[in-house]
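A quick write-up on the structure given underneath.
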Amino acid sequence: MAETILNSEFPEPPGVARSAALMQSFAARMGRQGRRVVLITSGGTKVPLEARPVRFLDNFSSGRRGAVSAECFLRTGYGVLFLHRARSSFPFAHHFPPQTWLAALRPTRREAEAPGGRLLLEAEASALPGFADALLTYQEAAEAGTFLAVEFTTLNDYLHLLQAAAQALNPAWCVGSSAMFYLAAAVSDFYVPASEMPEHKIQSSGGPLQITMKMVPKMLSPLVKDWAPKAFVISFKLETDPSLVIDHARRALKTYCHQVVVANILESHRSYVIIVTKDSETQLSLSDEEVGKGMEIEGKIVSNLQSRHMAFIDEKN
Ligand code: 9Z3
């Protein structure tokens, strides 16, 4: 059972209880509003190799898929719980890295009468295209309480927060089948158990390094069976070998009995995915023209999945 493994081998990191409380009140608010809600996991995980960690095992995920998808879900009217790797792409902000606004924004004046002064900034709209729109959409969501971001860094943080998020979205007073899980984070499959970690920095004077890593428990199993059994659950499957990806997606559907796997291949994952269900395979892709217009594949993924979610809710009612 994943829960037992989490207790014995993955000690609860500080701050999880506080995040769990925030997620519970977010879920209750979404329930009261009768709003559909999506938990998006986003970004990679960091696995320490030493107890006082200097070195980590990490992966390539930038969190862009999760961030763009969060924007699409918010625009569609979903409440978004965004469980993301610290410093990975953040909805709305990732379109504007510091070098874009550092050059474009200019301080105009300080209003002396405001407490502490008030700094006014201005920019030519053409210098920051889309900035005002992004800011407004983000601030509207933050004010309406329809967006909650929770951060993780290590694998251990991620595992505990995912469990807390799933449990927050499960209660009957909350949302049941109106909750969607969109598990786009690239989670490490391997870790070094705390009991087997060297305490101090591994010394290179010891010669070439050999590490044996254990398998990370598959959280999808308790999530689907125990934590959020009524929810609409989507996992992602990434491969580098295109000949494996459909088989592996199908195997995941069979093993975990959830609703959808989004299959993608490293080289083409920004422009091509396959939505795999028990009885269908739907290819989604971006044409060169769509790429030229600045469209992103997440718009198509979210549109496809939200229709499937509606059908799922109708079927349950
Ligand atoms: C994905 O496949 C995501 O689409 C990406 C997005 C990580 C490729 P980016 O963050 O990339 O926009 O840079 N996520 C799941 C990857 C994964 O490791 N899945 C596990 C697997 O394939 C199962 S949960 O075995």
Side-chain angles (χ1 to χ4, degrees), residues 2-3 6 12 15-42 66-84 90-92 136-152 157-185 219-235 256-260 298 301-317:
E3 208 157 333
L6 281 194
E12 184 174 307
V16 169
R18 194 177 158 270
S19 299
L22 285 174
M23 296 192 280
Q24 279 159 19
S25 53
F26 171 82
R29 187 163 60 248
M30 296 302 97
R32 283 194 300 274
Q33 292 178 8
R35 198 181 278 276
R36 279 174 288 152
V37 56
V38 60
L39 168 75
I40 299 178
T41 67
S42 185
V68 180
S69 303
E71 295 162 17
C72 298
F73 277 114
L74 281 170
R75 291 198 170 103
T76 314
Y78 275 75
V80 173
L81 175 46
F82 186 63
L83 182 55
H84 69 111
F90 196 80
F92 305 107
L136 281 175
T137 316
Y138 171 73
Q139 289 178 356
E140 270 168 26
E143 257 164 50
T146 52
F147 177 70
L148 176 70
V150 175
E151 254 184 31
F152 62 85
D157 300 336
Y158 169 84
L159 295 175
H160 280 273
L161 287 169
L162 177 63
Q163 176 173 358
Q167 289 171 335
L169 292 176
N170 185 42
W173 49 263
C174 172
V175 268
S177 65
S178 51
M180 182 195 290
F181 287 75
Y182 185 90
L183 306 173
M219 302 295 275
L220 204 45
S221 180
L223 190 151
V224 173
K225 273 199 258 157
D226 307 323
W227 301 336
K230 294 188 196 146
F232 186 67
V233 179
I234 297 136
S235 69
Y256 303 110
C257 302
H258 59 307
Q259 286 70 39
V260 179
E298 286 74 16
I301 301 175
V302 168
S303 160
N304 185 292
L305 292 176
Q306 77 104 14
S307 309
R308 291 178 192 274
H309 189 199
M310 292 290 275
F312 176 81
I313 293 170
D314 285 349
E315 197 187 297
K316 295 278 161 192
N317 291 336

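Computed from a prediction, not measured in an experiment: that's the story for all the values here.
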- Task: Using the six-membered ring wherever Trp is involved, compare the ring planes of H309 and F232 and label them parallel, tilted or perpendicular (cut-offs 30° and 60°).
- Result: parallel

- Query: Counting only N and O atoms by type, is there a donor-acceptor contact under 3.5 Å from the side chain of Q259 to the main-chain atoms of V233?
  - Reply: yes

- Taking all atoms of both residues into account, what is the closest heavy-atom pair of Y158 and A185, and its distance? CE1-CB, 4.1 Å

- Residues A27 and A168: closest non-hydrogen pair is CB-O, 3.4 Å

- Taking the side chain as every heavy atom from C-beta outward, state whether M180 and I40 have any atom pair closer than 4.5 Å. no

- Message: Consider side-chain contact (heavy atoms from CB on, under 4.5 Å). Of V16, L83, L162, L159, which one does F152 pass it with?
- Response: L83

- Query: Are side-chain heavy atoms of F90 and Y138 found at a separation under 4.5 Å?
  - Reply: yes

- Message: Measuring only between side-chain heavy atoms, which start at C-beta, is V260 closer than 4.5 Å to L305?
- Response: yes

- Message: A side-chain contact here means heavy atoms from C-beta on lying under 4.5 Å apart; do R36 and I313 qualify?
- Response: yes

- Tell me, do M23 and L161 make a side-chain contact under 4.5 Å, heavy atoms counted? yes

- Query: Is there a donor-acceptor pair closer than 3.5 Å between any side-chain N or O of E71 and the backbone N or O of P91?
  - Reply: no

- Y256-S235 side chain donor-acceptor pair, cut-off 3.5 Å: no

- Task: Could you tell me whether the side chain of R308 reaches within less than 4.5 Å of the side chain of F312, counting heavy atoms only?
- Result: no

- Item | Minimum-distance pair of heavy atoms, taken over all atoms of S69 and Y182 | OG-OH, 2.7 Å

- Query: So, do H258 and F181 have ring centers that fall under 6.0 Å from each other?
  - Reply: no

- Query: So, do V302 and R75 sit near enough that their side-chain heavy atoms are less than 4.5 Å apart?
  - Reply: no

- Item | Audit row: T146, R29, side-chain contact (heavy atoms from CB on, under 4.5 Å) steps and yes/no | CA-CA 9 Å; T146 52; R29 187 163 60 248; over 6 Å; no

- Minimum heavy-atom distance between M30 and G145, given as atom pair plus value: CE-O, 3.3 Å

- Query: Heavy atoms, side chains only, cut-off 4.5 Å: are S303 and T76 in contact?
  - Reply: no

